[in-house]
Amino acid sequence: MRLFLFSCFFFTLNTAVLASETTHWGYDEDVSPEHWGSLSEQFKTCETGKNQTPINIAQTYKSTTKHKLDIQYKASPNDIIFNGHTVQINTKNDDHHDYIEIDHEKFFLKQFHFHTPSENEIYGKQYPLEMHFVHVNNKGELAVLAVMFNIGQENSELNTLWKNVPEKENEDKIFSQNINIEKFIPKNHGYYRFSGSLTTPPCSEGLIWIILKQPLTLSNQQLDIFKTRLSHHHNQRPIQPLNGRIVIEQ
Ligand SMILES: [Zn+2]
């Protein structure tokens, strides 16, 4: 009986993983964000979740105690992929050099990727590009650091990334060139913090979201390269209700 239960559990777990990998979802028509929750049993949280991301940051609670955010990125990209939804750069799996530290807890960088236009908004402002750095701690909890981009001067490191995006969808390309990830982090580390979710299926909740206040810039041409890779479709989920959540400003 025990064994039976165990194998059932294992089966369910596997099915869940397979569903999120194989169920087709997107940003338009019958697979758009409004439909995610009904595309698969595993995507239900996209519809029923109460702590979903993105949000519009319009009201904040200014924290009186200092919670320092320490960002330590030493640049160790492993591979780059266009997965049909975004351009994603994965870090070396066993590499614990790149991390952020929040409240004395380290979250290690797993991957970073892009959205156009921005998913989160700050006082109703939508930015042309938003970059997401996805981290995990030793307990398997996730934290996402977001950086906004305005149109302006080009970002040199972005050129290196765009040059390396594989032609084919879902083709993994090993990243051999050095990049300086710190060029994707503004000097000022003031931030907004809230509890949220993945912005893509399965929309799992319980993530720490940190949005840096100071935006960076990219050129119009650099934005066009990314948009062309997305075949001129956007990859931004609409704003989700706050449902009483508080945004902390630091
Ligand atoms: Zn994202």
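Note that this is a predicted model, so its numbers are computed, not measured. Note that ligands are numbered from 1 as they come in the structure, with each ligand's atoms numbered from 1 the same way. Throughout, residue positions are numbered sequentially from 1 according to the sequence presented.
Each protein N, O or S atom less than 2.8 Å from the Zn ion (ligand 1) was counted, giving 3.
Cation-pi geometry between K168 and F82 is not satisfied (NZ or CZ under 6.0 Å from the ring centre, within 45° of the ring normal).
Note on ring orientation: taking the six-membered ring where Trp is involved, the planes of F133 and F112 are tilted (angle from 30° to 60°).
Neither side chain, N83 nor N170, offers a donor N or O lying under 3.5 Å from an acceptor on the other.
Using a 4.0 Å cut-off between a side-chain N of Lys or Arg and a carboxylate O of Asp or Glu, K44 and E41 qualify as a salt bridge. A salt bridge links R193 to D103: at least one charged side-chain nitrogen sits closer than 4.0 Å to a carboxylate oxygen.
Evaluation of the ring pair (Phe, Tyr, Trp, His ring centres under 6.0 Å) rule for Y27 yields W25, W36, H234 as partners, not counting sequence neighbours.
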